[in-house]
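Data first, discussion second: the structure below is written as structure tokens.
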Amino acid sequence: MTNREIATIFSEIADILDIKGENPFKVRAYQKAVRAIEGLSEELRAIHARGELRQIEGVGGAIAKKIDELLTTGKLQYYEREKASIPDGLLAMLKIPEVGPKKVKALYEKLGIDTVEKLEVAAQAGKLRELPGFGEKTEQNILRGIALVRRGRERVLLADATELAESIVEKLSQLKEVSVAVPAGSLRRQQETIGDIDILVISHAPQKVMDTFTTLDCVAEVTAKGTTKSSIRTKDDVQVDVRVVEKDSFGAALQYFTGSKEHNIQLREIAMKRGLKINEYGVFSEKTGKMIAGKSEEEVYAALELPVIPPELRQGLDEIDAARDGKLPALLEPSQIKGDLHVHSEWSDGKNSIEEIVEACRALGYTYVGIADHSQSLGVAGGLEPERCEKQIELIRKINRKLKGFRVLAGAEVDIRSDGTLDFPNELLAKLDFVTAAIHSGFKQTRKQLTDRVRSAMENPHVTILAHPTGRLIGRRDPFDIDVVEILQIAKKTGTAMELNAHQLRLDLKDVHLRKAKELGVKVAIGTDAHDLTELRLMRYGVATTRRGWLESKNVLNTLSTTKLLKALKHA
DNA sequence: GCCGTTTTCGGCCCGACTGTTTTCAGTCG
């Protein structure tokens with residue numbers, strides 16, 4: 001039973017208890033456990049085997065016992081019982097925006113509505129307004145919510161959300177009434193996918209900001225418009241919220257709206273113990289009500305005797321402990337990246353010549369670029385035959401002779417075949433500056449097959465980097481079933497680096513596994529997998545993801561100087 | 001259900017907006 005499956009069960013338990021009107025803190029305890037499990041880099045099975053379940057923050061005796069039951073029997077009696085106690089359809093109803101546990105309960109008990117379909121019919125017939133607390137507007141909102149769920153409320157990729165947010169920020173910034181406009185929320189935390197975009201604005205004329213925001217070209221629908229907060233849905237179906245605050249509360253608001261929710265709850269608990277109260281307007285003394293901080297995030301954290309925690313780390317895991325103990329990492333900065341280690345040229349399925357790539361990379365301030373075109377097996381991607389690869393190496397040497405202060409590294413993205421053998425002979429691999437091995441087929445193999453396959457590739461001394469280790473495409477293809485922790489342990493032994501593929505659809509390895517890599521001392525190589533020059537800019541999302549994984553410059557290969565990098569790649 | 005430099009009991013983050021009310025509950029983040 002996977003972490004994901006266990007988290008889903010606890011999440012359903014929380015929903016069921018919520019609908020039944022149980023103690024809300026019990027509901028929250030289950031939700032907290034769900035988030036804790038989702039944040040694990042390790043399988044619960046392994047933690048269970050070591051008897052360390054209760055060391056997980058948010059997992060106490062009762063939940064540990066339930067995890068034990070799930071892992072040993074594959075079932076949970078408590079869950080079966082609770083699930084049987086309410087109709088299945090109620091959980092689906094809860095997924096509709098505007099419909100929460102109280103409404104579900106009322107709809108079910110008073111009108112016998114127990115499916116989304118029945119709810120839709122009743123709303124259309126104007127039956128809901130008979131219930132106390134329900135009116136015509138509520139009916140319309142519920143119908144809209146149902147349509148929204150049917151369309152599938154997909155989360156937006158970090159790169160797409162960033163682009164949209166930056167365009168809105170730019171337009172709001174042009175107003176003379178606006179002094180600052182910045183993204184907050186999960187976007188500022190650089191989460192790999194974004195639900196809603198939050199933008200925070202400092203202005204003394206909030207109404208003007210609200211009016212401008214709700215009438216932007218991209219707006220399809222205004223879902224809320226207040227004096228300091230408005231929400232819209234764009235034509236691309238993304239929800240965007242804008243909040244306006246006063247200058248003196250900006251730090252508190254930025255902290256508050258950056259989240260994560262769990263991080264903020266932890267901060268508030270600390271504040272409470274110190275006789276302080278935090279809200280989006282500032283930090284206040286509980287006794288006197290006097291505001292003691294709020295202008296900047298520095299002030300807010302300082303009021304709790306903490307250094308500012310970088311937004312990417314605010315995940316509600318152990319970052320506050322680390323901050324208190326002075327153990328926050330010096331996270332990787334974009335400016336520390338000296339080159340891209342995964343770029344495709346026109347030799348395989350890329351669009352540009354090596355010379356064009358060099359020029360673009362120099363413009364980005366890099367001092368090297370790793371060309372890694374596909375190998376022969378990948379026919380669809382114009383994979384190189386060994387002879388073509390030899391030719392490419394020659395050309396790269398020729399280009400390098402003409403370059404000053406820049407170096408093209410001759411590499412290849414070599415296919416790991418289904419049987420674990422590599423797609424190029426060793427003699428050829430030996431001539432390359434670096435070899436990135438990757439799985440591009442046979443995703444459906446068993447966990448053991450896939451893990452063994454990658455192991456045999458990594459054990460080849462010429463292989464320096466394992467590309468996109470889990471093969472996932474965010475929102476499109478699940479990661480293949482591979483034991484990432486075991487792969488990392490093998491990498492430690494063989495000295496292989498793990499790629500962080502910075503392509504917007506991949507971000508592979510993901511944050512929790514990067515952190516595990518750091519713990520194990522496995523180096524990370526960031527590559528954009530660019531197939532054209534514009535994709536070279538995806539590096540920023542790679543850097544952001546390493547930051548979420550607590551990586552520092554010393555953990556990342558492409559912060560090294562050319563000489564040191566070449567040496568490190570040979571060693572690997 | 002979790003948790004403990006006040007605690008093994010009694011707390012558990014906080015406010016905006018909406019729609020329904022005529023002072024507030026529900027939902028959301």
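Reminder, nothing fancy here: chain letters follow the sequence lines and each chain counts from 1. All values below come from the heavy atoms of this structure, side chains included, with hydrogens, waters and symmetry mates left out.
Here A:T228 reaches the OP1 or OP2 of B:dC17: one of its side-chain N or O atoms lies under 4.0 Å away. A sub-4.0 Å separation between OP1 or OP2 of B:dG1 and a side-chain N or O of A:K65 is absent. Here A:T138 does not reach the OP1 or OP2 of B:dT18: none of its side-chain N or O atoms lies under 4.0 Å away. Within the structure, every side-chain polar atom (N or O) of A:N141 is placed at least 4.0 Å from both OP1 and OP2 of B:dT18.
Atom CZ in A:F213 sits roughly 13 Å away from atom P in B:dC17 (whole-Å rounding). The CD-P distance, from A:Q31 to B:dT27, rounds to 13 Å in whole Å. As rounded to whole Å, 16 Å separates atom C1' of B:dA16 from atom NZ of A:K225. At whole-Å resolution of the value, CG in A:D321 and P in B:dT5 are 12 Å apart. Distance CZ (A:F134) to C1' (B:dG19): 11 Å, rounded to an integer number of Å. The CZ atom of A:F257 sits 15 Å away from the P atom of B:dC14 (whole-angstrom rounding). Separating the CG atom of A:L200 from the C1' atom of B:dA16 is a distance of 14 Å, rounded to the nearest angstrom. A:L131 has its CG atom 14 Å from the C1' atom of B:dA25, to the nearest Å.
Contacts between residues 273-293 of chain A and DNA chain B, defined by a heavy-atom separation below 4.0 Å, involve A:K277, A:I278, A:N279, A:E280, A:Y281, listed by number. Proximity of residues 111-120 of chain A to DNA chain B (heavy atom under 4.0 angstrom from any strand atom) is not detected for any residue. Contacts between residues 295-318 of chain A and DNA chain B, defined by a heavy-atom separation below 4.0 Å, involve no residue at all. For DNA chain B, none of the residues of residues 76-91 of chain A falls under the heavy-atom distance limit of 4.0 Å.
Checking B:dC28 for Watson-Crick or G-U wobble geometry (two distances, each under 3.5 Å) identifies B:dG15 as its partner.
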Distance-only donor-acceptor pairs under 3.5 Å for side chains of residues 25-37 of chain A, two or more places apart:
unit_1 : atom_1 : unit_2 : atom_2 : d
A:Y30  : OH     : A:K66  : NZ     : 3.4
A:R35  : NE     : A:E262 : OE1    : 3.0
A:R35  : NH2    : A:E262 : OE1    : 2.5

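The P atoms of B:dG4 and B:dC13 are separated by 14 Å, rounded to the nearest whole Å. Spacing of C1' atoms, B:dC17 relative to B:dC12, comes out at 25 Å, to the nearest Å. With both ends at atom C1', the span from B:dT18 to B:dT23 equals 15 Å, rounded to whole Å.
You'll find that the side chain of A:K137 is closest to B:dG19, out of B:dG29, B:dT27, B:dG19. Residue A:K229 places its side chain closer to B:dC17 than to any other of B:dC17, B:dC28, B:dC13. The listed nucleotides are B:dG29, B:dG1, B:dA16; the one nearest the side chain of A:Y30 is B:dG1. Across B:dG1, B:dA16, B:dC28, the shortest atom-to-atom separation from the side chain of A:K26 is found for B:dG1. Of the candidate nucleotides B:dG29, B:dA16, B:dG1, B:dG29 has the atom lying nearest to any side-chain atom of A:D241.
Between the A:E170 side chain and the A:I168 main chain, no donor and acceptor come within less than 3.5 Å of each other. Side-chain atoms of A:S249 never come within 3.5 Å of backbone atoms of A:A252 as a donor-acceptor pair (strictly under, hydrogens ignored). Put simply, the side chain of A:R548 gets close to the backbone of A:R189: a donor and an acceptor are under 3.5 Å apart. Of the possible donor and acceptor atoms, one in the side chain of A:N3 sits under 3.5 Å from a partner among the backbone N and O of A:E42. With hydrogens and angles disregarded, a donor-acceptor distance shorter than 3.5 Å links the side chain of A:E69 to the backbone of A:Q77. Checking side-chain atoms of A:E319 against main-chain N and O of A:Q315 turns up a donor-acceptor pair under 3.5 Å.
Within 4.0 Å of A:V59, counting heavy atoms only, lie sugar-phosphate atoms of the nucleic acid but no base atom. Counting any heavy atom pair closer than 4.0 Å across all strands shown, A:P132 reaches no nucleic acid atom.
Checked for salt-bridge contact, A:E286 and A:R274 miss the test: no charged N lies under 4.0 Å from a carboxylate O. Contact check on A:D88 versus A:K83 returns a salt bridge, with a Lys/Arg side-chain nitrogen under 4.0 Å from an Asp/Glu carboxylate oxygen. Using a 4.0 Å cut-off between charged nitrogen and carboxylate oxygen, A:E38 and A:R4 count as a salt-bridge pair. Using a 4.0 Å cut-off between charged nitrogen and carboxylate oxygen, A:R515 and A:D511 do not count as a salt-bridge pair. Checked for salt-bridge contact, A:K327 and A:D321 miss the test: no charged N lies under 4.0 Å from a carboxylate O. Salt bridge A:R447/A:D481: present, at least one basic N to carboxylate O contact under 4.0 Å. One finds no salt bridge joining A:E43 and A:R45 here, because no Lys/Arg side-chain nitrogen approaches an Asp/Glu carboxylate oxygen to under 4.0 Å.
Within a 6.0 Å radius of CD in A:E136, no more than 12 heavy atoms belonging to other residues, nucleotides or ligands are found. In the displayed structure, A:K75 atom NZ is contacted under 6.0 Å by at most 12 heavy atoms of other residues, nucleotides or ligands. Enclosure of atom NZ in A:K20 by more than 12 non-hydrogen atoms of other residues, nucleotides or ligands within 6.0 angstrom is indicated.
Between A:K103 and A:G226, the residue anchored closer to the 5' end of DNA chain B is A:G226, taking for each the nucleotide with the nearest heavy atom.
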Would you tabulate the nitrogen or oxygen pairs shorter than 3.5 Å linking the protein to nucleotides 9-12 of chain B?
none

